[in-house]
Amino acid sequence: MSSSFFSDVDAISFVGRDADPDALGFRVYEPDRMVLGKRMEDHLRFSACYWHTFCWPGDDVFGDGTLDRPWQASGGDPMALAHMKLDVAFEFFSKLGVPFFCFHDRDIAPEGDNYRESAARLDEMIDAAAAKMEETDVQLLWGTANLFGHPRYAAGAATNPDPYVFAYGAAQVKHVMEATQRLGGANYVLWGGREGYETLLNTDLRRESDQLGRFLSLVAEHKHKIGFEGTLLIEPKPHEPTKHQYDSDVAAIYAFLQKYDLTDEYRINIEVNHATLAGKSFQHEIATAVAHGILGSLDANRGDPQNGWDTDQFPNSVEEMTLALYEVLRGGGLSTGGFNFDARLRRQSVDPTDLFHAHVGAMDVLAESLINAAVLIEDSTLKGFVDDRYKGWTGGLGAEIAAGKQSLESLHALVTEGGIEPKPRSGGQEMLENRVNAVLRR
Ligand code: XLS
Ligand code: NI
Ligand code: NI
């Protein structure tokens, strides 16, 4: 069966910057355009997500769903509805022209009455997804298990006080990682949605940390056992749904991976709105992951500066994304990762075409940001400034300190006997910001 839910929309094509403002098409994104010697599509590796796009009916805590989602009608046969949803999803992915998609097990197949039924339903839907992928050439960026939606996970999965809940989560991850492998997924993601606490009054924080360490070790062991070639990714978020989540930001995860000897097994999936919830910028989180050699993939979206929660809006700031892509390019680019739109429409965006406007606009923002970041890399003003700023560390005294060839005593002698009084130097911030703006307004 082939869907025509989006019958008003043809495959999206490149229309260029001067196209009619109403035309639905890419102004900037051209998959084959070369940027720094690589195709735009291969730099950005766009992915659409199953959950916000096909599983969210537009409800919020104050009101009902607003969106027309016939596959979510109540009372129907859940598997027939799941197949309808799959058809519509692949119609969307292929018309949009994204090379990848991402899913949670429960997005693609409804939970059954027990573990066996849920697993059988997932297997049926994975077979159907494999056929759709073959037909449309859309690939899987990552799969993941939903270990946060069902009430059994209210107190976490790996960090649950009940080891049988840990076991249930482990069983689910085993199955979904194998499904991801079957579909040729490039990565497998673990987002610790409820791996945290609501109150320390009922929480053994140290024990829960060890439980999570054990869980992630089991996942890595299984990956090697089955020969899954994708990358394992952890997605940080500081809170929401829980008050505190253990995987709060990139630096916290890096420390955690070191403690449990897992730095070679995991990389990070950084989401814009999670970084800002943690009080960090997306650029900072990417730079931190690059510095530790653990940049994996990116969930593209944005928050709202006036809201303190995960609004998951589509990215629309060329400035924010230019700075992010500058860090990605400096770090050598995304290897198995990509830009997944972990983003949701606003509740009033009720037309089927709104889904296209949202993704097309976001893809153009990232394409434009990629071009800008490449200009910043090529013109090397920023790099030149930074290299010059740290040149004292590439030889002489700096190199000796870095190599452990100096002590407090020897440095004390150097300063007192040499009469050393260093002079402050300009950090050049405004000048560098002007340089970035000149590129943005070219
Ligand atoms: C929720 C997360 C989630 C992960 C996958 O805030 O972003 O969507 O990306 O479980
Ligand atoms: Ni995400
Ligand atoms: Ni999120």
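Source: prediction; values computed, not measured. Whatever order the structure lists ligands and atoms in, that order sets their numbers, starting from 1. Position 1 is the first residue of the sequence, and the numbers go up from there.
In summary, K174 and E178 engage in a salt bridge, as defined by a charged side-chain N under 4.0 Å from a carboxylate O. By the 4.0 Å N-to-carboxylate-O rule, D379 lies close enough to R435 to be salt-bridged with it.
Annotation: T144 places no N or O atom under 3.5 Å from an N or O atom of ligand 1; distance criterion only. Between D342 and ligand 1, an N or O atom pair is found at a separation short of 3.5 Å.
In this pair, F54 and F92 present their aromatic rings perpendicular. The plane angle is above 60°, beyond the 30 to 60° band.
Between the side chains of Q211 and T159, no donor-acceptor pair is found at a separation under 3.5 Å. For the residue pair E198 / H244, no side-chain donor-acceptor distance below 3.5 Å is found, with atom types taken as modelled. Using a 3.5 Å distance cut-off with no hydrogens or angles, the side chains of T311 and Q313 do pair a donor with an acceptor.
Of the candidates R344, E271, K237, K237 brings a heavy atom nearest to atom 6 (O) of ligand 1.
Among the atoms of D342, no N, O or S atom falls under 2.8 Å of the Ni ion (ligand 3).
Nearest N/O/S atom of E271 relative to the Ni ion (ligand 3): this is OE2.
With a 4.0 Å heavy-atom cut-off, ligand 1 is reached by the side chain of E235 but not by its N, CA, C or O. At a heavy-atom cutoff of 4.0 Å, ligand 1 is contacted by no atom of F103, backbone or side chain.
Remark: ligand 1 atoms within the under-4.0 Å shell around heavy atoms of H104 are 5 (C), 10 (O). When each atom of ligand 1 is checked for a heavy atom of D299 under 4.0 Å away, the hits are 9 (O). Within the listing of ligand 1, atoms 6 (O) sit less than 4.0 angstrom from a heavy atom of D310.
Here the angle at the Ni ion (ligand 3) defined by NE2 in H274 and OD2 in D310 stands at 90°, rounded to 10 degrees. Rounded to 10°, the angle that OD2 of D299 and OE2 of E235 form at the Ni ion (ligand 2) is 110°.
Using 4.0 Å as the threshold, H52 has no heavy atom nearer than that to any atom of ligand 1.
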